[in-house]
Number of protein chains: 2
Amino acid sequence: MTTLVDVAKKANVSKMTVSRVINHPDKVTDELKQLVYQAMRELDYHPNMIAKALVNKSTRIIKLCILEDIDTTEPYYMNLMIGIAKTLDLHQYSLQLVTRKNFDIGNCDGYIITGMREQDVDWINNLKKPVVIFGENRYGFDYVDTNNKAGTYLLAQLALEKGYERLIYVGIDSKESFEYSREAGYLQQVQEKRMMPELHRFGNHSHLAEEFVRDNWDDITKNTAFICASDRLAIGIERGITRCGGKIPDDFGVTGFDGVFLNQVASPKITTIKQSIIEMGSACGENLLDKIDTNAKQGALVFEPKISLGGTLRE
Amino acid sequence: MTTLVDVAKKANVSKMTVSRVINHPDKVTDELKQLVYQAMRELDYHPNMIAKALVNKSTRIIKLCILEDIDTTEPYYMNLMIGIAKTLDLHQYSLQLVTRKNFDIGNCDGYIITGMREQDVDWINNLKKPVVIFGENRYGFDYVDTNNKAGTYLLAQLALEKGYERLIYVGIDSKESFEYSREAGYLQQVQEKRMMPELHRFGNHSHLAEEFVRDNWDDITKNTAFICASDRLAIGIERGITRCGGKIPDDFGVTGFDGVFLNQVASPKITTIKQSIIEMGSACGENLLDKIDTNAKQGALVFEPKISLGGTLRE
DNA sequence: ATCCTCAATATTATCGGTAACAAATTATTC
DNA sequence: GAATAATTTGTTACCGATAATATTGAGGAT
């Protein structure tokens with residue numbers, strides 16, 4: 001392994017100059033800088049992160065804290081982890097998976113938190129290290145998420161374009177920010193078209209949505225599309241309609257949200273919002289590392305939603 | 001953060017003595033050792049891994065090299081990674097995901113390799129850092145795997161106990177060690193019972209197994225059980241039998257192998273071997289870290305298979 | 001020419017450990 | 001009981017980087 005000193009010798013400067021070329025290039029004359037760059041190239045120099053970490057008193061560990069229950073059959077967290085790990089590995093950081101319980105065991109340089117709820121706010125505010133939240137929030141924490149509002153807005157728009165005349169929103173019975181945003185997207189679309197909003201909320205289980213359809217089958221007129229807040233609910237609606245003898249997509253439309261795994265099981269596949277969780281995970285990592293380096297607020301990083309066409313809307 | 005020096009002061013010894021208590025406790029008198037332990041406890045001392053890494057010229061990075069294509073919807077690799085990461089995090093190592101292509105970018109302390117084939121042997125032999133293979137092999141590399149032979153042996157035994165009178169083995173058309181072992185398990189069971197072995201091999205796709213059933217439906221007598229080398233093949237067999245009007249499990253039995261995700265989609269669920277990939281991943285990590293510390297061969301670590309009962313065998 | 005700035009570069013100390021060597025203590029031998 | 005060997009503990013140097021401080025040298029003012 002070539003070190004600073006090797007480069008310094010080759011360039012005929014002190015090792016401090018080499019260090020400065022890397023960390024404060026503006027404080028070195030161009031002439032020397034060129035010499036140093038040249039030497040670094042010739043020796044294929046890569047800084048030793050461990051030495052850096054030692055003097056910076058850093059750990060090169062990032063903790064990923066998942067506050068909700070993990071369903072390992074959902075590739076959601078797999079993708080999130082892959083995305084985060086990709087970035088962290090690139091910078092030679094190590095990812096540590098923690099829960100709220102073992103959160104405080106061992107040091108780290110920063111946190112990525114997902115599944116945050118209102119009750120976690122105080123706790124997060126008191127953390128001493130940089131934090132990035134995966135999932136939108138309204139408490140001013142830096143976060144990365146899909147544009148939830150735009151997602152339902154676009155799906156509702158698409159449903160209307162396909163000729164469905166009534167839009168029923170099927171939401172998740174929860175006070176989380178993403179749910180409000182998804183409702184807001186639906187509402188905005190419906191209001192722009194001067195339609196009657198119809199909202200229902202359930203726990204995020206397919207059978208609850210299915211029951212809803214069966215219980216209200218008589219009131220569900222043909223040419224209705226259901227804008228659902230999750231694929232899970234959408235699958236329940238789809239099943240309910242099919243069991244009641246309704247025809248998808250001819251007489252009824254269904255849209256979901258999330259579309260990672262569940263969609264593979266549904267038939268026909270749900271028209272839904274496809275989130276690039278891997279990419280978003282990477283972004284979480286990048287944001288957090290930036291924040292650690294510069295100590296600067298990162299703000300919100302919002303990914304624009306992409307519609308994944310299934311067979312639950314016409315055409 | 002308390003350091004060696006803090007502990008040394010408190011215990012009234014030199015920091016070298018503290019270091020020795022940690023790394024070479026046999027070279028320190030019990031008396032001093034007790035003093036030092038006491039001080040460490042009182043100050044809640046945890047060694048700084050980064051400093052350790054610097055002086056040991058280690059990177060605290062382990063590369064996980066997956067040589068086959070990753071299907072992110074299969075929780076297989078997710079679980080493997082979770083298992084490995086769990087162990088590595090505990091020891092403050094960082095996991096880096098690499099492919100054969102970007103394998104040489106950046107340093108590391110050791111490798112975990114999965115999906116190894118014959119053609120990779122020379123390459124692995126030439127690696128300069130400790131290696132543990134995930135998946136059995138016959139080239140003397142340290143590895144972690146399920147006892148593949150015992151798996152099919154047990155499933156075949158179970159099928160016979162349930163009264164199926166003919167056992168057909170449906171294997172994967174590949175020269176990999178695990179496949180030979182699974183065949184061997186079936187063969188041993190069949191030979192012990194002095195039955196005629198019947199082996200078939202296909203690429204690992206459900207539709208190939210399904211076609212096989214349809215093409216040979218006339219020759220497939222009632223009361224036959226299919227011992228398959230993978231869940232994927234088992235699902236194909238299951239579908240083939242059902243489509244041909246056969247009754248599972250009354251007239252036909254099916255067993256699989258692996259049972260991570262696919263099994264959730266099958267109906268009825270396949271009776272298969274359940275592998276605790278997470279645990280095996282942890283074991284890979286432990287083995288590798290041991291190997292890095294002690295430089296000693298770890299040998300093979302074989303997990304005994306557990307049968308996961310589905311609905312594809314009688315009773 | 002002398003003194004003073006200010007910028008560019010070099011030197012030194014430090015992060016928290018460990019190995020190699022030196023010193024001190026104890027045990028063994030004749 | 002002195003000489004020597006063996007064991008235990010302490011000192012020093014070093015791993016590879018960076019911050020703080022010291023040094024050098026060029027240009028400006030007097």
Side-chain angles (χ1 to χ4, degrees), chain A residues 1-40 43-61 91-93 106-109 292-295, chain B residues 1-40 43-61 91-93 106-109 292-295:
Chain A
M1 273 288 285
T2 56
T3 72
L4 268 190
V5 180
D6 301 327
V7 176
K9 274 187 198 147
K10 182 134 207 157
N12 264 313
V13 296
S14 78
K15 65 176 183 166
M16 203 52 224
T17 301
V18 180
S19 171
R20 259 192 295 262
V21 168
I22 298 170
N23 300 297
H24 312 283
D26 50 309
K27 293 191 189 288
V28 182
T29 52
D30 284 348
E31 194 185 5
L32 279 191
K33 244 185 294 191
Q34 289 318 316
L35 274 175
V36 170
Y37 282 137
Q38 176 71 15
M40 293 198 323
L43 297 172
D44 189 31
Y45 169 73
H46 294 276
N48 182 323
M49 292 313 205
I50 297 283
K52 217 174 226 191
L54 180 60
V55 54
N56 292 333
K57 292 177 189 292
S58 72
T59 61
R60 303 212 139 249
I61 292 175
H91 297 84
Q92 298 189 201
Y93 271 78
N107 278 87
C108 71
D109 295 346
I292 290 171
D293 282 350
T294 66
N295 213 18
Chain B
M1 272 287 286
T2 57
T3 72
L4 268 190
V5 180
D6 300 326
V7 176
K9 274 186 198 149
K10 182 135 208 156
N12 264 314
V13 296
S14 76
K15 65 175 185 169
M16 201 53 223
T17 301
V18 179
S19 170
R20 260 191 293 257
V21 168
I22 297 170
N23 300 298
H24 313 282
D26 50 308
K27 292 190 188 287
V28 182
T29 53
D30 284 348
E31 193 185 6
L32 279 192
K33 245 187 292 193
Q34 289 317 317
L35 275 175
V36 170
Y37 283 137
Q38 176 70 16
M40 292 200 322
L43 297 172
D44 189 32
Y45 169 74
H46 294 275
N48 181 325
M49 292 313 207
I50 296 284
K52 217 174 226 193
L54 179 60
V55 59
N56 292 333
K57 292 177 189 289
S58 73
T59 62
R60 301 200 88 75
I61 291 175
H91 297 84
Q92 299 189 203
Y93 271 78
N107 278 85
C108 72
D109 295 346
I292 289 170
D293 282 350
T294 66
N295 213 18

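First the proteins, then the strands, lettered A, B, ... as listed; each starts at 1.
Atom-to-atom, CD of B:Q92 to P of C:dG16 comes out at 15 Å; the value is rounded to the nearest Å. B:L4 has its CG atom 17 Å from the P atom of C:dT14, to the nearest Å.
Of the possible donor and acceptor atoms, none in the side chain of B:K27 sits under 3.5 Å from a partner among the backbone N and O of B:R20.
We find the CG-NE2 distance between A:D293 and A:H91 to be 7.5 Å, quoted to the nearest 0.5 Å. To the nearest 0.5 Å, atom CG of residue B:N23 and atom CG of residue B:D26 are 10.5 Å apart. Note that the CD1 atom of A:I22 and the OH atom of A:Y37 stand 8.5 Å from one another [nearest 0.5 Å]. Atom-to-atom distance recorded for A:R60:CZ and A:I292:CD1 is 9.0 Å, nearest 0.5 angstrom. Annotation: the span from A:L43 atom CG to A:K10 atom NZ amounts to 5.0 Å, rounded to 0.5 Å.
Residues B:V7 and B:L4 are not in side-chain contact: their nearest non-hydrogen atoms beyond the backbone lie 4.5 Å or more apart. Looking at B:T17 and B:V28, their side chains come closer than 4.5 Å, going by heavy atoms from C-beta outward.
When the C1' atoms of four end pairs are superposed on the next four at each end of the helix from C:dA1-D:dT30 to C:dC30-D:dG1, using five pairs per end, the two resulting axes differ in direction by 60°, to 10°.
Among all heavy-atom pairs drawn from B:I61 and A:Q92, the shortest one is CD1-NE2, 3.6 Å. Across B:S14 and B:A8, no two heavy atoms sit closer than the pair C-CB, 3.7 Å.
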**Study point:** Residues B:D6, B:K9; criterion salt bridge (Lys or Arg N to Asp or Glu O under 4.0 Å); working and verdict
**Key:** CA-CA 5 Å; B:D6 300 326; B:K9 274 186 198 149; 5.1 Å; no
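Contacts between residues 23-39 of chain A and DNA chain D, counted as heavy-atom distances below 4.0 Å, involve A:N23, A:H24. Taking a 4.0 Å limit (strictly below) on heavy-atom distances, residues 9-22 of chain A reaches DNA chain C at A:V13, A:S14, A:M16, A:T17, A:R20. Contacts between residues 44-56 of chain B and DNA chain D, defined by a heavy-atom separation below 4.0 Å, involve B:L54, B:V55, listed by number.
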At a cut-off of 3.5 Å, list every protein nitrogen or oxygen paired with a nitrogen or oxygen from nucleotides 4-7 of chain D, distance to 0.1 Å.
none

Could you list the donor-acceptor pairs under 3.5 angstrom formed between side-chain atoms of residues 44-57 of chain A and any protein atom two or more places apart in sequence or on another chain?
from  : atom 1 : to    : atom 2 : distance (Å)
A:D44 : OD1    : A:H46 : NE2    : 3.2
A:N48 : OD1    : A:I50 : N      : 2.8
A:N48 : OD1    : A:A51 : N      : 3.0
A:N56 : ND2    : A:K52 : O      : 3.2

